[in-house]
Chemist: 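Quick one: this structure, given as structure tokens, is what I'll be asking you about.
By convention here, the first residue in the shown sequence is residue 1. Reckoned from all heavy atoms, side chains included, excluding hydrogens, waters and symmetry mates. Since this is a predicted model, take the numbers as computed values, not measurements.
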Amino acid sequence: VQLQASGGGLVQAGGSLRLSCTASGRTSSSYALGWFRQAPGKEREFVCGIGWNGEGRYYDDSVKGRFTISRDNAENMMYLQMSSLKPEDTAVYYCAAAWTIARMTGGSSEYWGQGTLVTVSS
């Protein structure tokens, strides 16, 4: 499975941004997909994940109510709609694919895409 994230950029606090992730590979639709992020000087952390069939969405408490994850298996795409952005959301965001959503929420994934930088200014 190959993953490519896009959509990062500079946004003011309170603004919105949508990240996209293209998943390629014959079996990509059978994987749980999700987003991780790594802020400067910090370890990479789980942000959110979605089950292979689009059911079961899981969010870190820090983004609940502000971020929405979705996927379109027909188009091999995953999205992260981010709103009410805060400066502490500034990080490199990585899309990831895991065998199960449980592995992803536990911090593990089988495949990683390159990151896309999100910068939220105060």
Chemist: Would you say CD of Glu45 has more than 12 non-hydrogen atoms from neighbouring residues, nucleotides or ligands within 6.0 angstrom?
Modeler: yes
Chemist: Is Lys64 salt-bridged to Asp61, cutoff N-O under 4.0 Å?
Modeler: yes
Chemist: Run the numbers on Leu33 and Cys21 for side chain to side chain contact (heavy atoms under 4.5 Å, CB included), then give the verdict.
Modeler: CA-CA 9 Å; Leu33 297 177; Cys21 178; over 6 Å; no
Chemist: Hydrophobic cluster membership, with links at side-chain heavy-atom distances under 4.5 Å among I/L/V/M/F/W/Y: are Met104 and Val47 in one?
Modeler: no
Chemist: Are Val63 and Val11 grouped together when hydrophobic residues (ILVMFWY) are joined by side-chain heavy atoms under 4.5 angstrom apart?
Modeler: yes
Chemist: Which heavy atom of Ile69 sits nearest a heavy atom of Tyr59, and at what distance?
Modeler: N-OH, 2.9 Å
Chemist: Would you call the rings of Phe67 and Tyr93 parallel, tilted or perpendicular, where under 30° means parallel and over 60° means perpendicular?
Modeler: tilted
Chemist: When you look at Ser20 and Met77, which way does the side chain to side chain contact (heavy atoms under 4.5 Å, CB included) test go after all the steps?
Modeler: CA-CA 7 Å; Ser20 300; Met77 295 293 297; 3.8 Å; yes
Chemist: Are Gln2 and Ser24 close enough, and set up right, to give a side chain to side chain donor-acceptor pair (under 3.5 Å), and what steps lead you there?
Modeler: CA-CA 5 Å; Gln2 292 81 46; Ser24 60; 3.2 Å; yes
Chemist: For Trp99, I'd like to know if atom CH2 has over 12 heavy atoms of other residues, nucleotides or ligands within 6.0 Å.
Modeler: no
Chemist: At what distance, to the nearest 0.5 angstrom, does CG of Asn53 lie from OG of Ser30?
Modeler: 11.5 Å
Chemist: Same hydrophobic cluster for Met78 and Met82, using side-chain heavy-atom links shorter than 4.5 Å among ILVMFWY?
Modeler: yes
Chemist: Main chain of Arg66, side chain of Ser83: is a donor-acceptor contact present, judged purely on distance under 3.5 Å?
Modeler: yes
Chemist: Does Phe36 belong to the same Ile/Leu/Val/Met/Phe/Trp/Tyr cluster as Tyr111, with side-chain heavy atoms less than 4.5 Å apart forming each link?
Modeler: no
Chemist: Considering non-hydrogen atoms only, spot the tightest contact between Ser122 and Pro87 and give its length.
Modeler: CB-CG, 3.9 Å
Chemist: Checking side chain to side chain contact (heavy atoms under 4.5 Å, CB included) for the pair Cys48/Arg57: CA distance, chi angles, key distance, verdict?
Modeler: CA-CA 7 Å; Cys48 57; Arg57 305 181 189 195; over 6 Å; no
Chemist: Please find the pair of heavy atoms, one from Ile101 and one from Ala32, that lie closest to each other, and give the distance.
Modeler: N-CB, 3.6 Å
Chemist: Apply the test side chain to side chain contact (heavy atoms under 4.5 Å, CB included) to residues Ser109 and Tyr94: give CA-CA distance (whole Å), side-chain angles for both, the deciding distance (0.1 Å), then the verdict.
Modeler: CA-CA 11 Å; Ser109 285; Tyr94 299 89; over 6 Å; no
Chemist: Same cluster for Trp35 and Leu17 if Ile/Leu/Val/Met/Phe/Trp/Tyr side chains link at under 4.5 Å?
Modeler: yes
Chemist: Is there a donor-acceptor contact under 3.5 Å from the side chain of Arg71 to the main chain of Gly51?
Modeler: yes
Chemist: I'd like to know if the side chain of Thr90 and the backbone of Val120 have a donor-acceptor N/O pair within less than 3.5 Å.
Modeler: yes
Chemist: As a quick check of understanding, evaluate ring-ring contact (aromatic ring centres under 6.0 Å, His included) for Phe46 and Tyr58, giving each step before the final call.
Modeler: CA-CA 10 Å; Phe46 170 78; Tyr58 301 85; 8.0 Å; no
Chemist: When rounded to the nearest 0.5 angstrom, what distance separates CD in Glu43 from CD in Gln38?
Modeler: 8.0 Å
Chemist: Would you check if the side chain of Gln4 reaches a backbone N or O of Gly113 as a donor-acceptor pair within less than 3.5 Å?
Modeler: no
Chemist: For Ala97 versus Val1, what's the shortest heavy-atom pair and its separation?
Modeler: CB-CG1, 4.4 Å
